[in-house]
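Chain identifiers are assigned alphabetically (A, B, ...) following the order of the sequence lines, protein sequences preceding nucleic acid strands; residue numbering begins at 1 within each chain.
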Amino acid sequence: MLLPHLATLQVPDDFIRKIIRKDLRGRLDEVVTRFPPEPNGYLHIGHSKAICLNFGIAEEFGGRCVLRYDDTDPVGESLEFVQAIKEDVNWLGFEPDAVSHAADYFEAMYDFALELIEHDKAFVCSLDFETMREMRGTLTTPGRPSPDRERSREENLELFAAMRQGEVEEGALVLRAKIDMASPNLNMRDPVLYRIKRTPLHPRRGKDWCIYPTYDFAQGYADALDGVTHSLCTMEFDDHRPLYDWLLANVSLAHRPCQIEFSRLNIEYFLLSKRFLQRLVREGHVDGWDDPRMPTICGLRARGVPADAIRELCERVGVTRQEQRIELKMFNFCVRGALESRLRRAMAVIEPLKVVIVNYEGAGEVLHADWHPQQPELGAREMPFGPELYIERDDFSESPPPKYKRLVPGGLVRLRYAYIIRCDEVIKDDQGEVQELRCSYFPETKSGSDNSGMRSRGVVHWVSADEGESVEVALLEELIAEPDASGQHLESAMNPHSREICNGYAEPAVLAMPDTAFQFERLGYFTRAKPGSREFHRTVSLRDSFKTR
RNA sequence: AGGGGUGUCGCCAAGUGGUAAGGCCCCGGGUUUUGAUCCCGGUAUCGUAGGUUCGAAUCCUGCCACCCCUGCCA
């Protein structure tokens, strides 16, 4: 799983794995983890950290990992998301040992609720939303008990049954835990356990149920029913843990999963809130959840980011309880690392500038080059060369910055895999815009048989003007312009240049190959919009150490 | 009457009383017909103030900063 050039990376060993290793030495025989997405949206790169952690641990310790859909609230959930989540998990390289649904445990959960009521640990409350909020108190003042708190067990049982039977209006009654209205932990102030929802229908259970358990109620029991030993979740649930434990302790359940929290993955320029992503799609800022600029798993896949680049990133950033905001550079490093050794190289010119070789005799010739300088087993291709070519506009300059290694008037530059040329004349239009370069070439400098001893300033890529294939190339950037746009308004945060289209030319061999992605030399890694398409978009640029560019 | 969590190089992150790993970034240099890749080399006294100790990033005390919590979302 490690990338060839990154083989030094050590096996993961974080505080969670240390706990598990210790538990396996005595307390437990097997480790069972779970990844519990709510099927109300697409997975994004933030989820991949939890996926890699949970599935990775199961793999490393010979345990199991369950993909559990946390479908406890029908609002916003759909089967479409269920399907997409499964596909994304698989694409990332993981196969769940089991798939479960919290909704399939509704019957068992209902029984746990009854048990709590029977033990006087839960009650049916008739407070309306507003009043309940008011009576909960604030961060610094204690709450006050509901007037229904001392309702009799019989009445609670009766009312809860009525709720379940659909005899109660939505919002009229809820089931609450009876814990401590004065607890400094707000989660312990008699939290709601069940609420009534008549609409929409549950995507999986239809109209079987009209009462639904809250996250807090469902989580621990679903974990227990799934046989989970270590319930790994993100830091914001840290102060839910006392409730998680309380709910498990007050019911006759032998199995006791334990919750461990770790910090979320944040990446510069990636805004991962579901609300934000939904809005991008809804308002048409992107072409869909799988737009190649989206930070969703399917978006990254469309962009050409390989699964192992994502896994590599998750492994590299580690697992701790510290907030982490990873630099984009780190992400890009992993993407390049995954692509570097496996993509064929090719030449494409994105902003063409015509070059005419005035001393070239004949119509043209065919040159040869390996598909990859370090991987000869990838084979070689032929490329047509002729008297008219295109080079990149910014590979020529009349007023070059210091240390410029490209073409200047009167200067020499090597056309990669071909000849050294000299710029003899610059043709401009009325506006003074460079139109065309007239150059002469040196036949004795032909690549592979050059013993002229001539030295050029640098090397430049090119495409035959006659035989180059026209291609449409999209240069992609992040959707937001600020490294951290959380809390900003969408309008001001959006990057207006997230997709710039260029019309250019690629060497013909590119279109003759079935490869879905190439490295266009000196430009970056590019992926086809669709198989066989002549539309490409840039997955990531090459690292560029040219300072004044 | 608030509670919980976190503070080690620009970004991640090891380290758990014996004198600061590693990666990314950055800066030098080498190889190179991609200013790519690859290869060498360089860069921190641990939020802060005290204390304990022969010895502290690690133990104790105070302070400071940041994050989370007042949904019948997850």
SB check A/Asp71 A/Arg205 (cutoff 4.0 Å): no

Salt bridge flag under 4.0 Å for residues A/Asp13 and A/Arg21: yes

With rounding to the closest Å, how many angstrom separate the [atom1] atoms on [N] and [M]?
N: B/G10; M: B/U52; atom1: P; result: 32 Å
N: B/C27; M: B/C68; atom1: P; result: 34 Å
N: B/C59; M: B/C40; atom1: C1'; result: 42 Å
N: B/G4; M: B/U16; atom1: C1'; result: 23 Å
N: B/U33; M: B/U37; atom1: C1'; result: 14 Å
N: B/A57; M: B/G47; atom1: C1'; result: 12 Å
N: B/U45; M: B/A49; atom1: P; result: 14 Å
N: B/U43; M: B/G22; atom1: P; result: 10 Å

Rounded to whole Å, please give me the gap between [atom1] in [X] and [atom2] in [N].
X: A/Gln322; N: B/C11; atom1: CD; atom2: P; value: 12 Å
X: A/Arg241; N: B/G3; atom1: CZ; atom2: C1'; value: 13 Å
X: A/Gln324; N: B/G23; atom1: CD; atom2: C1'; value: 13 Å
X: A/Glu521; N: B/G35; atom1: CD; atom2: C1'; value: 13 Å
X: A/Asp13; N: B/U16; atom1: CG; atom2: C1'; value: 14 Å
X: A/Asp238; N: B/U6; atom1: CG; atom2: P; value: 7 Å
X: A/Leu313; N: B/C11; atom1: CG; atom2: C1'; value: 12 Å
X: A/Asp394; N: B/G35; atom1: CG; atom2: P; value: 12 Å

Closest to the A/Glu340 side chain, choosing from B/U37, B/C25, B/C12: B/U37

Closest to side chain of A/Lys329, choosing from B/A14, B/C25, B/G35: B/C25

A/Asn156 side chain to A/Val124 backbone, donor-acceptor under 3.5 Å: yes

Residue pair A/Arg345, A/Glu507: steps toward the salt bridge (charged side-chain N to carboxylate O under 4.0 Å, His left out) verdict: CA-CA 11 Å; A/Arg345 274 89 228 266; A/Glu507 60 172 287; over 6 Å; no

A/Gln219 and A/Arg68: side chain donor to acceptor below 3.5 Å: yes

Check: A/Glu236/A/Thr234 side-chain N/O donor and acceptor closer than 3.5 Å: yes

Syn/anti state of B/G71 by chi, 90° boundary around 0: syn

Verdict with reasoning, A/Glu340 to A/Tyr525, per side chain to side chain donor-acceptor pair (under 3.5 Å): CA-CA 9 Å; A/Glu340 157 62 28; A/Tyr525 297 98; 3.0 Å; yes

Pairwise 5' ranking along RNA chain B for A/Glu327 and A/Lys405, keeping only the more 5' one: A/Glu327

Residue met sooner reading RNA chain B from 5', once A/Tyr525 and A/Tyr417 are mapped to nucleotides: A/Tyr417

A/Asp190 to A/Ile179 - nearest heavy-atom pair and separation: OD1-N, 2.7 Å

G-U wobble or Watson-Crick pairing nucleotide for [N] (cut-off 3.5 Å, both distances):
N: B/G7; answer: B/C64
N: B/G18; answer: B/C54
N: B/C38; answer: B/G30

Protein-to-nucleotide contact annotation, 5' to 3' order, nucleotides 69-74 of chain B [B base; S sugar-phosphate only; - none; under 4.0 Å, heavy atom]: BBSBSB

Using a 4.0 Å heavy-atom cut-off across all strands, classify [X] as base, sugar-phosphate, or nothing.
X: A/Gly448; answer: base
X: A/Ser456; answer: nothing
X: A/Arg543; answer: sugar-phosphate
X: A/Arg416; answer: base
X: A/Gln519; answer: base
X: A/Arg325; answer: sugar-phosphate
X: A/Phe520; answer: nothing

Identified side chain to side chain donor-acceptor pair (under 3.5 Å) partner of A/Tyr244 from the options A/Asp223, A/Asn187, A/Asp216: A/Asp223

N/O (side chain, A/Ser263) to phosphate O (OP1/OP2, B/C67) under 4.0 Å: no

Check: A/Arg522 side chain, B/U34 base, donor-acceptor under 3.5 Å: no

Intermediate values then yes/no, side chain to side chain donor-acceptor pair (under 3.5 Å), A/Thr445 and A/Asp450: CA-CA 4 Å; A/Thr445 62; A/Asp450 182 357; 5.0 Å; no

